[in-house]
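Below: the structure, in structure tokens.
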Amino acid sequence: MASNQRTTGRRAFGVALAAALLAACGETAPAPSGVSVDPSDAERRVYKDTVAGILIDERAAFDAFFGPEADAWATLEGMVGSEDRTIAFHDVMSDAQARAAKLEAPPLATLFHGTFLEHFDRFVGDAEAIRDAIRSGQADRALQIYQRLRRGAFERLDFLADRLALIDG
């Protein structure tokens, strides 16, 4: 009888350990019997993972738009030739904005979510303004918007990533 209880205990421990390992690796597994799972935790995890993915895409767009060649682009001549680059940045930011707008924030993320959505208004709007200024031959206006947008762009992403990490109740 004692041997049977040890085997059952080991099996339960093994199932719990496997579930914990799968969860730590990002896999989902059904909870072992007798273990309750809080649905809000799962909802929060999905939200955080989705937002983290959006922030990764944004960082790549920022790297391309404000990265190593940014000083060459941040000239009147550079602005004249940067319409394609601006359109690509706008497309990525618009896509990210649409993905973010579809998300429903879990209860502990409502304040963050508002800030997250506001962030897109600035970057999408400014990318449109840069594109329109280039198209209308106003390279000086495009350059001013680009320089203003560039200031603090990466810090804004870092701020959002830091705040996202706090959504764990």
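Note that the structure is a prediction, hence the values are computed from the model and not measured. Values below: all heavy atoms of this structure, side chains included; hydrogens, waters and symmetry mates excluded. Quick note: residue numbers are just sequence positions, from 1.
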When you measure from the side chain of Arg85 to the backbone of Ala64, do you find a donor-acceptor pair of N or O atoms at a distance under 3.5 Å? yes

For Ala133 and Arg141 the tightest heavy-atom approach is CB-NH1, 3.7 Å

Same cluster or not: are Phe120 and Leu55 linked, directly or through other Ile, Leu, Val, Met, Phe, Trp or Tyr residues, by side-chain heavy atoms under 4.5 angstrom apart? yes

| said: Same cluster or not: Phe62 versus Leu143, using hydrophobic residues (I, L, V, M, F, W, Y) connected whenever any side-chain heavy atoms lie under 4.5 Å apart? | reply: yes

Residues pairing under salt bridge (charged side-chain N to carboxylate O under 4.0 Å, His left out) where one sits in residues 155-165, two or more places apart or in two chains, turn out to be Arg59-Asp158

In this structure, CZ of Arg135 is separated from OG1 of Thr86 (nearest 0.5 Å) by 9.5 Å

Between the CG atom in Leu149 and the CD atom in Gln144, the distance rounded to the nearest 0.5 Å is 13.5 Å

Classify the ring geometry of Phe154 against Phe66: parallel below 30°, tilted from 30° to 60°, perpendicular beyond 60°. perpendicular

d(Ile54 CD1, Asp49 CG) to nearest 0.5 Å is 11.5 Å

Answer yes if Ile56 and Phe65 sit in the same cluster of Ile, Leu, Val, Met, Phe, Trp and Tyr residues linked by side chain heavy atoms under 4.5 Å apart, and no otherwise. no

Value for CD1 (Ile130) from CD (Gln147), rounded to nearest 0.5 Å, stands at 10.0 Å

Ile167 side chain reached by Val51 side chain, heavy atoms, under 4.5 Å = no

Problem set entry | Min side-chain heavy-atom separation Arg45-Asp41 under 4.5 Å | no

Value for CG (Leu157) from CG (Leu164), rounded to nearest 0.5 Å, stands at 12.0 Å

Requested in this report: For the residue pair Arg148 and Arg122, establish whether any side-chain heavy-atom pair is separated by less than 4.5 Å.
Outcome: yes

On a heavy-atom basis, the closest approach of Ala127 and His90 is CB-CB, 3.8 Å

Give every donor-acceptor pair under 3.5 Å between a side-chain atom in residues 108-118 and any protein atom, sequence neighbours left out.
from   : atom 1 : to     : atom 2 : distance (Å)
His113 : ND1    : Tyr47  : OH     : 2.7
Thr115 : OG1    : Leu111 : O      : 3.3

Rounding to 0.5 Å, atoms CE (Met93) and CD (Glu58) come to a distance of 4.0 Å

For a quick test of your reading: what N or O donor-acceptor pairs under 3.5 Å do the side chains of residues 96-107 make, sequence neighbours left out?
from  : atom 1 : to     : atom 2 : distance (Å)
Gln97 : NE2    : Asp121 : OD1    : 3.4
Arg99 : NH1    : Asp57  : OD2    : 2.8
Arg99 : NH1    : Asp95  : OD2    : 3.4
Arg99 : NH2    : Asp57  : OD2    : 3.3

Minimal heavy-atom distance between Ala129 and Ile145, with the atoms involved, is CB-CD1, 3.6 Å

